[in-house]
Novice: 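My questions all concern the structure below.
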Amino acid sequence: MSKGLPKRSEDYSLWYNELVKRADLAENSAVRGCMVIKPYGYSIWEKMQAQLDRMFKETGHTNAYFPLFIPKSYLSKEASHVEGFAKECAVVTHYRLKNAEDGTGVIVDPEAKLEEELIVRPTSETVIWSTYKNWIQSYRDLPLLVNQWANVVRWEMRTRLFLRTAEFLWQEGHTAHATKEEAMDETVQMMNVYAQFAEEYMAVPVVKGRKTENERFAGADETFCIEAMMQDGKALQAGTSHFLGQNFAKAFDVKFANKEGGLDYVWGTSWGVSTRLMGALIMAHSDDNGLVLPPKLAPIQVVIVPIYRGDAELEAISEKANEIMVELRKVGISVKFDNRDTHKPGWKFAEYELKGVPVRIAIGPRDLENGTIEIARRDNLSKEQFELSSQPIQEKILSLLDEIQNSIYQKAFNFREEKTTEVNSWEEFKSVLETKGGFVSAHWDGTSETEDKIKELTKATIRCIPLDQKEEEGQCVYTGNPSKGRVLFAKAY
RNA sequence: CGGGGUGUAGCGUAGCCCGGUAUCGCGCCACAUUUGGGAUGUGGAGGUCGUAGGUUCGAAUCCUGCCACCCCGACCA
């Protein structure tokens, strides 16, 4: 119905790009790889932020803010960390411009070269651990549970709106602990927080797991992740939580006096989710008519569209609409009454479908006569005539929003189950990846060499070693070497 | 950085081969009729043809340099 939105089945990637632009979520900016997040898109991000922030605080974390710039020397203090990020860092070399002598504009003032160049943060471990050194002396200072909401820059070769941009918004939690066990518990806890958020709020089912050494965060001893399945059968890493061991504590010399009077290095974690979650949200649920938003994250949950001829009818309908709005707002439902006379009802229907508003109420003269309204669901596009006398409207809508939330989760869950295939031979492995896509559950011999080889041959990577992996004797799907359990392979974003 | 492609109104495009001052659609503005699934008609506004130079009486069109973007590869937690 949507005018010209490409079909998912024809060109998934074009569909995604167009949808992001047409639904007013984001657009490309003048700077390559950087996006403008538009008001509607940003309001969805704000809802995500608000809920995540709540969950972080419930688990004992507080927010702080660290600087955008990192001295270049900091980055190289942790060897594997710098190796992981060096190739995509933006560097500040000067601090002043001046007018060009030929009057053609401004140029970098060569006199204003920085003594030490600054890196625009690709992540903040280094600047934060250099600060933690001053904050931590005793076990009494631990644990330190800090989160920051920030932007980071990673100079990616190829970018896509929300999924991979040169600058993106995220949160990064950085915690410090007295013991290894406590740090590990924290790492797992935050992975669980992410999984809960993805499933309960985004309605996106995820697989919890550990990363292989190849896919691990640069500087971490262990990386936990949540992996989601998109409608085109590709996997999307939706969030990561890293157990840093004592790596950063050693790199930045962060020690504390323990209860026994000895001096120990601190144990660390870091964890983050980004605006990439927007991409996951869009790709998990939306259809050829546009966005489908889960009610819990929709900026507008209910839109009321009046159908009328003339001012008298509009006035009568507005009165009814206002009554309904009051009731809905009392129970915390966000509702918009679109009484603009600059667009016709049909146009508005299509518009709110494109924008993924979960519930649409239409009220016309016929409804006023009959004491009804038309209620339409975005997720399955069904419509019903609802008799206002049959049930309080707020109850009706609350239960409907709930039902939609559950229903889109279930749909995404069923899709992922359908797209998850156990394979036992190399031939099967390749053919499933080529024809069906999705997660391929297979045995692997545990070596990086095999993982690399499989990636080279099929472009599939090990998304994770699922936490619920069953112990099962088997043979690596590629080398035939012994394996103790299945891991999940997929082509990924 | 290699290979291919594209730059024309806010967006999408025709014109380029074969040189003569820019086409069409959407959108925008005005008025009228419309309003239960993206209305119709009439009138109107809007363009340094990416950029710099060259050839020519004359360049969107031909030539050269540069820039930007897109696709494929390399790259990417």
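Each chain gets a letter, A, B and so on, in the order its sequence line appears, and its residues count up from 1. Predicted model, so just to flag it, every value in this text is computed and none were measured.
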Novice: Given atom NZ of K455(A) and atom C1' of A74(B), what is their separation to the nearest angstrom?
Specialist: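 Rounded to the whole Å, the gap is 12 Å.
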Novice: Please tell me which of the listed nucleotides, G36(B), C75(B), G38(B), lies nearest to the side chain of E351(A)?
Specialist: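 Comparing G36(B), C75(B), G38(B) against the side chain of E351(A), the answer is G38(B).
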Novice: For the side chain of R360(A) and the base of G37(B), is some donor closer than 3.5 Å to an acceptor across the two?
Specialist: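 By the distance-only test, yes, there is a pair.
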Novice: Are Q391(A) and F386(A) side-chain neighbours, meaning at least one heavy-atom pair lies under 4.5 Å?
Specialist: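 Heavy-atom side-chain distance check passes, below 4.5 Å.
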Novice: Compare the minimum distances between each of U35(B), G36(B), C76(B) and the side chain of Q385(A), then state the nucleotide with the smallest one.
Specialist: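 Ranking U35(B), G36(B), C76(B) by closest atom to the Q385(A) side chain puts G36(B) first.
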Novice: Looking at G38(B), G36(B), U34(B), which one has an atom nearest to any side-chain atom of A362(A)?
Specialist: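 Output: G36(B).
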Novice: Can you figure out which of U35(B), C76(B), G37(B) approaches the side chain of K383(A) most closely?
Specialist: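 Closest nucleotide to the K383(A) side chain: G37(B).
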Novice: For the pair made of CG in L368(A) and P in G36(B), what is the distance, rounded to whole Å?
Specialist: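 Spelled out: CG on L368(A) to P on G36(B) is 15 Å.
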Novice: Hey, can you tell me if F248(A) and F252(A) have their rings parallel, tilted or perpendicular (30° and 60° cut-offs)?
Specialist: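 The rings of F248(A) and F252(A) lie parallel, inter-plane angle below 30°.
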Novice: Is any side-chain N or O of K355(A) closer than 4.0 Å to OP1 or OP2 of G38(B)?
Specialist: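 For K355(A), the contact criterion (side-chain N or O under 4.0 Å from OP1 or OP2 of G38(B)) is not met.
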Novice: For T372(A) and E387(A), does a side-chain donor sit closer than 3.5 Å to a side-chain acceptor?
Specialist: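 Checked: T372(A)/E387(A) side chains show no N/O donor-acceptor pair below 3.5 Å.
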Novice: With respect to the phosphate group of C76(B), does any side-chain polar atom (N or O) of R164(A) fall under 4.0 Å of OP1 or OP2?
Specialist: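 The answer is no; no side-chain N or O of R164(A) sits under 4.0 Å from OP1 or OP2.
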Novice: Choose from G37(B), C75(B), G36(B) the nucleotide whose nearest atom is closest to any side-chain atom of F349(A).
Specialist: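 Ranking G37(B), C75(B), G36(B) by closest atom to the F349(A) side chain puts G37(B) first.
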Novice: Between N17(A) and A376(A), which residue's closest nucleotide on RNA chain B lies nearer the 5′ terminus?
Specialist: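 The answer here is A376(A).
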Novice: Kindly assign one of parallel, tilted or perpendicular to the pair F168(A) and W170(A), based on the angle between their ring planes and the thresholds 30° and 60°.
Specialist: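 The rings of F168(A) and W170(A) stand perpendicular, inter-plane angle above 60°.
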Novice: What does K459(A) touch in the nucleic acid at a heavy-atom separation under 4.0 angstrom: a base, only the sugar-phosphate, or nothing?
Specialist: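 Touches sugar-phosphate only.
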Novice: Of all the nucleotides listed (G37(B), G36(B), C76(B)), which has the minimum atom distance to the side chain of E156(A)?
Specialist: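 Of the candidates, C76(B) comes closest.
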Novice: Any side-chain N or O of K344(A) below 4.0 angstrom from OP1/OP2 of G37(B)?
Specialist: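 No, K344(A) has no side-chain N/O under 4.0 Å of OP1/OP2 on G37(B).
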